[in-house]
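Have a look at the structure below before the remarks.
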Amino acid sequence: MRRFLPGEDLTAALDAAAELAKSGIGALLTELGEQVTSPAEAAAVRDRYRAALDRMRERGLPLPLPAQLSVKLTHLGLDMDREACARYLLDLARCAAETGSFVWIDMEESRYVDITLELFRRACAAHDNVGVCLQAYLRRTPADLESLWPLRPAIRLVKGAYNEPPAVAYPSKRDVDASYMALAAELLERATRWEASPVFGTHDGTLIAEIAARAAARQLARGAYEIHMLYGIRPTEQRALAAAGVVVRVLISYGSAWFAWFMRRLAERPANVWFVLRSLV
Ligand SMILES: Cc1cc2nc3c(=O)[nH]c(=O)nc-3n(C[C@H](O)[C@H](O)[C@H](O)COP(=O)(O)OP(=O)(O)OC[C@H]3O[C@@H](n4cnc5c(N)ncnc54)[C@H](O)[C@@H]3O)c2cc1C
């Protein structure tokens with residue numbers, strides 16, 4: 001498990017972030033968990049994230065890049081009480097702003113897209129340190145992106161990790177990759193005019209090379225886009241990109257809800273089971 005999860009608690013995640021900082025790589029922290037079913041637990045998740053922001057500041061993790069948070073709205077109680085969830089998100093954005101940090105909203109199953117974008121819009125009206133994830137596999141994403149341009153949004157583009165029906169999401173890798181590149185091209189185009197802050201959440205070397213080439217052709221400044229990857233996946237490439245001057249951040253998960261999380265990593269890529277077995281022997 002250590003390959004993907006440096007440890008179950010926040011301290012281990014912060015240690016891993018400090019280690020990455022030595023290679024000039026930033027960190028995003030996320031506590032594992034989703035679809036909580038108790039209002040008290042949703043409030044506790046918000047409190048723990050606030051405490052995490054304090055700990056990041058104490059550890060000096062603003063360096064070299066401010067550590068950021070990545071949160072799932074269903075972890076903040078979206079299924080039970082949307083207004084409370086919206087308040088918790090605003091709380092976290094405010095606390096993150098105090099430490100120069102940033103809050104990313106993960107995108108979950110397709111049934112949550114409308115409400116997630118609604119809460120993102122509300123957060124953007126009050127704070128400029130909130131971004132949202134969009135999934136290239138969803139057929140609706142080009143239209144969603146179009147609707148977000150007026151916000152000059154921070155968008156993390158990913159391929160998409162959930163099992164969705166073909167009517168909703170492209171089933172083939174080829175179509176998902178083509179959709180990813182078309183959306184990435186639009187984001188880069190907007191970034192040249194500072195109308196969007198794109199982050200590309202991918203380990204796909206072909207897509208990353210294409211993104212870098214387009215960014216270079218447009219003479220995009222360092223920091224006009226970022227590459228985000230998951231902890232433990234393609235670490236050599238993470239360091240190489242950072243050394244080449246790309247802003248790279250790594251998403252570090254922590255928390256005891258690791259089983260559901262690991263099953264997702266496994267569903268994405270069955271070969272991951274090998275790494276877990278190896279860490280057990
Ligand atoms: C920072 C970040 C945030 C994310 N947030 C969300 C989110 O909010 N919502 C959501 O639906 N999805 C999210 N994802 C997951 C994403 O949707 C993909 O499922 C995941 O990134 C794998 O797709 P890929 O773009 O890396 O390309 P792929 O085509 O899956 O992989 C490209 C190559 O990367 C390597 N690779 C990819 N995954 C693995 C792995 N698990 N283990 C080992 N090697 C691997 C392999 O060499 C593979 O050939 C996030 C991903 C990242 C990096």
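Values below: every heavy atom of this structure, side chains too, minus hydrogens, waters and symmetry copies. Both counts, for ligands and for their atoms, begin at 1 and track the order of listing.
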Worksheet item: Would you call the rings of H228 and W104 parallel, tilted or perpendicular if under 30° counts as parallel and over 60° as perpendicular?
Response: perpendicular
Worksheet item: Heavy atoms only: which of L207, T202, I227 is nearest to atom 24 (P) of ligand 1?
Response: T202
Discussion item. With no hydrogens and no angle check, just 3.5 Å: does a side-chain donor-acceptor pair link S70 and D106?
Written reply: yes
Item to complete: Select the closest option to atom 17 (O) of ligand 1 among C133, A136, S110, G160, judged by heavy-atom distance.
Response: G160
Item to complete: Look at the rings of F200 and Y180 and say which category their plane angle falls in: under 30° parallel, 30 to 60° tilted, over 60° perpendicular.
Response: tilted
Worksheet item: How about S179 and R139: does a side-chain donor come under 3.5 Å of a side-chain acceptor?
Response: no
Practice prompt. Answer yes or no on whether R152 is positioned over the face of W194, meaning its NZ or CZ is under 6.0 Å from the six-membered ring centre and within 45° of the axis.
Written response: no
Worksheet, complete the sentence: Heavy-atom proximity to atom 47 (O) of ligand 1 ranks first, among R249, R234, Q135, for R234
Discussion item. Any nitrogen or oxygen of K173, side chain or backbone, less than 3.5 Å from one on ligand 1?
Written reply: yes
Response to the item:
Filtering E226, H203, K72 for the heavy atom nearest atom 33 (C) of ligand 1 leaves H203
Worksheet item: Do any nitrogen or oxygen atoms of A161 come within less than 3.5 Å of a nitrogen or oxygen of ligand 1?
Response: yes
Discussion item. Test your reading of the structure: does Y137 have an N or O sitting under 3.5 Å from an N or O of ligand 1?
Written reply: no
Worksheet item: What do you reckon, does M107 have a nitrogen or oxygen under 3.5 Å from a nitrogen or oxygen of ligand 1?
Response: yes
Worksheet item: Regarding Y137 and D175, is there a side-chain donor-to-acceptor distance under 3.5 Å anywhere?
Response: no
Discussion item. If we count only N and O atoms by modelled type, under 3.5 Å, do the side chains of E164 and S110 hold a donor and an acceptor together?
Written reply: yes
Discussion item. With nothing but distance in play, are any N or O atoms of Y162 less than 3.5 Å from an N or O of ligand 1?
Written reply: no
